[in-house]
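Data first, discussion second: the structure below is written as structure tokens.
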Amino acid sequence: MEIKLLKTDIKSNMIPKVLIFTGEEQALAKQYIESISSTLNKYAKYYDSADAVLVETSTNLREDFLYIILNDNNILKNPRYIEGLSKTNRNVIIYFTNKLDETFVKNNKELIVDFKKLDKYTLLAYITKKLSDNKIVIEQEDLLKLIDYCDYDLGICLNELDKIICLGQSNSTNLLEYMYNHDFPDYRKLDTMKVAQKILNRDKSAYTDVTKLNDSVITILTILYNQARYMLTTTNNNYY
């Protein structure tokens, strides 16, 4: 199911009883869960297994919730879970933060909403609206820089914006520029191969980059060794 179609279903209050959420953009998925909860006027209740939901819905006939099942891999292995959850006639969202099996996706494509990472200008529209709602103005150039530093992640962008919003300055461009110049966190993922190349090129910025790498020390040293060994054999330069 396309996100646009889900948005239409929410606006018309024609929300499917069972939905499957997946994808990288977890902050956006959370927004849609909150929107569905508000539209249905049902409290979102979280579970780690479909079995717990099936038991509760069969015994608790009076209370009703928006049931959220997180990362229950048993659902991926047994198609009867989807059938069983559909028969409860309750609103259920099955949420997987990990990548789904192709067969599962093929069999349930009508129920699956994939929250893919948003592009630069869609993110810009989201954060501009949030700032507008709070009567705050920031230059577009600075917002695009924010998006880049936050590695195009909506959740991280919104968290960083909250720091600005809480100060309540109507024109916050100077504030954001001040933050950039004073240890603004850089969430961008770095490529270990490129950092190793920087070291071989005697680029001093590699000293900062290496502290941000997610790879293990052994992996980093192995890549650096292999690149240095290759350069040594091809150039005969003792530096390598």
Point to revise | Over 12 non-hydrogen atoms of neighbours within 6.0 angstrom of OH in Y225 | key: no

### Query
Is a side-chain donor or acceptor of Y180 paired with a backbone partner of L146 at a separation under 3.5 angstrom?
yes

- Task: Tell me, yes or no, whether the heavy-atom count around N236 atom CG, taken from other residues, nucleotides or ligands under 6.0 Å, exceeds 12.
- Result: no

Other residues, nucleotides and ligands only: do more than 12 of their heavy atoms fall within 6.0 Å of OH on Y178? no

- Item | CD1/I218: more than 12 non-hydrogen atoms of other groups inside 6.0 Å | no

task: Count the heavy atoms belonging to other residues, nucleotides or ligands that lie under 6.0 Å from CG of D48, then report whether that count exceeds 12.
output: no

Practice prompt. Give a yes or no answer on whether the side chain of Y152 reaches the backbone of L123 with a donor-acceptor pair at less than 3.5 Å.
Written response: no

Between Q227 and M193, the two heavy atoms sitting closest are NE2-O, 3.3 Å

Requested in this report: Inspect the surroundings of NZ in K7 and state if more than 12 heavy atoms from other residues, nucleotides or ligands are less than 6.0 Å away.
Outcome: no

ring-ring contact (aromatic ring centres under 6.0 Å, His included) filter on Y46, not counting sequence neighbours, yields none

Correct closest heavy-atom pair for F96 and I94 would be CE1-CG2, 3.4 Å

Test item: T88 side-chain N/O and G84 main-chain N/O as donor-acceptor pair under 3.5 Å: no

query: Would a hydrophobic clustering, with Ile, Leu, Val, Met, Phe, Trp and Tyr connected at side-chain separations under 4.5 Å, put L28 with M1?
result: yes

Using a strict threshold of under 4.0 Å (side-chain N to carboxylate O), is an ion pair present between D151 and K117?
yes

message: Regarding S49 and D51, do their side chains bring together a donor and an acceptor under 3.5 Å, going by distance alone?
response: no

OG1 of T39 to CE of M14, rounded to nearest 0.5 Å, is 13.0 Å

Requested in this report: Look at the side chain of N78 and the backbone N and O of R80, then say whether any donor-acceptor pair between them is shorter than 3.5 Å.
Outcome: yes

Open item on the list: Using a 3.5 Å distance criterion without hydrogens, assess whether the side chain of D72 forms a donor-acceptor pair with backbone atoms of A50.
Closed with: yes

Residues C150 and C157: closest non-hydrogen pair is CB-SG, 3.6 Å

Note: G23 and Q26 closest approach over all heavy atoms is O-CG, 4.2 Å

Check: Within the distance-only criterion (no hydrogens, no angle test), does the side chain of E25 pair as donor or acceptor with the backbone N or O of L154 below 3.5 angstrom?
Finding: yes

task = Please test N98 against T22 for side chain to side chain contact (heavy atoms under 4.5 Å, CB included), starting from the C-alpha separation and ending with a verdict.
result = CA-CA 7 Å; N98 50 309; T22 187; over 6 Å; no

For the side chain of N60 and the backbone of E56, is there at least one donor-acceptor N/O pair under 3.5 Å apart?
no

Does Y43 belong to the same Ile/Leu/Val/Met/Phe/Trp/Tyr cluster as V92, with side-chain heavy atoms less than 4.5 Å apart forming each link?
-> yes

Shortest non-hydrogen pair, I10 vs I15, comes out as CA-CG1, 4.0 Å

Taken in chain and number order and not counting sequence neighbours, the residues that satisfy side-chain hydrogen bond (donor to acceptor under 3.5 Å, both in side chains) with K42 are D64, N91

To the nearest 0.5 Å, atom CG of D114 lies from atom NZ of K109 at 14.5 Å

Checklist entry - So, do L40 and N13 sit near enough that their side-chain heavy atoms are less than 4.5 Å apart? => result yes

Cluster link L76 to Y95, ILVMFWY, side chain under 4.5 Å: no

* Flag, side chain of S38 to backbone of S35, donor-acceptor distance under 3.5 Å -> no

d(L124 CG, I147 CD1) to nearest 0.5 Å is 5.0 Å

message = With heavy-atom distances below 4.5 Å as the criterion, would you say the side chains of M179 and I164 are in contact?
response = yes

Counting N and O atoms only, with roles assigned by atom type, does the side chain of S86 sit under 3.5 Å from a partner on the main chain of I82, one being a donor and the other an acceptor? yes

Taken to the nearest 0.5 Å, the spacing of S170 OG from I138 CD1 works out to 11.0 Å

Do L100 and N108 make a side-chain contact, defined as non-hydrogen atoms from C-beta onward lying under 4.5 Å apart? no

Candidate pair V137 and L131, rule side chain to side chain contact (heavy atoms under 4.5 Å, CB included), full reasoning = CA-CA 7 Å; V137 175; L131 291 171; over 6 Å; no

Hits for ring-ring contact (aromatic ring centres under 6.0 Å, His included) against F21, two or more places apart or cross-chain, chain-then-number order -> F115

Sequence neighbours excluded, the answer for side-chain hydrogen bond (donor to acceptor under 3.5 Å, both in side chains) partners of E177 is none

Practice prompt. Decide yes or no on side chain to side chain contact (heavy atoms under 4.5 Å, CB included) for V113 and Y32, but give the supporting numbers first.
Written response: CA-CA 10 Å; V113 184; Y32 272 84; over 6 Å; no

Discussion item. Is it true that Y149 and E160 share a donor-acceptor pair across their side chains at a distance under 3.5 Å?
Written reply: no

With the side chain counted from C-beta on, respond yes when T234 and Y240 share a heavy-atom pair under 4.5 Å apart, and no when they do not. no

CG of L54 to OG1 of T59, rounded to nearest 0.5 Å, is 10.5 Å

Here the gap from L176 atom CG to K163 atom NZ, rounded to the nearest 0.5 Å, amounts to 11.0 Å

- Item | Within 6.0 angstrom of N171 CG, more than 12 heavy atoms from elsewhere | yes

Are there over 12 heavy-atom neighbours, none belonging to K11, within less than 6.0 Å of that residue's NZ?
no

Between L158 and I127 the two heavy atoms that sit nearest each other are CD2-CG2, 4.3 Å

By ring-ring contact (aromatic ring centres under 6.0 Å, His included), Y81 pairs with (sequence neighbours left out) none

Next item on the list: Please report the C-alpha distance between D148 and L144 in whole Å, then the side-chain angles of each, then the deciding distance to 0.1 Å, and finally whether the side chain to side chain contact (heavy atoms under 4.5 Å, CB included) criterion is met.
Entry: CA-CA 6 Å; D148 184 39; L144 290 172; over 6 Å; no

*With a 4.0 Å cut-off, would you call E83 and K87 a salt bridge?*
yes

(message) Can a donor-acceptor pair be found, under 3.5 Å and without considering hydrogens, that links the side chain of D153 to the backbone of I156?
(response) yes

Linking I/L/V/M/F/W/Y whenever their side-chain heavy atoms sit closer than 4.5 Å, directly or via other members, would L19 and L70 fall into one cluster? yes

**Report entry** Hydrophobic cluster membership, I68 vs L111, 4.5 Å side-chain cutoff
**Finding:** no

Residues 118-133 vs salt bridge (Lys or Arg N to Asp or Glu O under 4.0 Å), sequence neighbours excluded, gives K129-D133, K130-D162

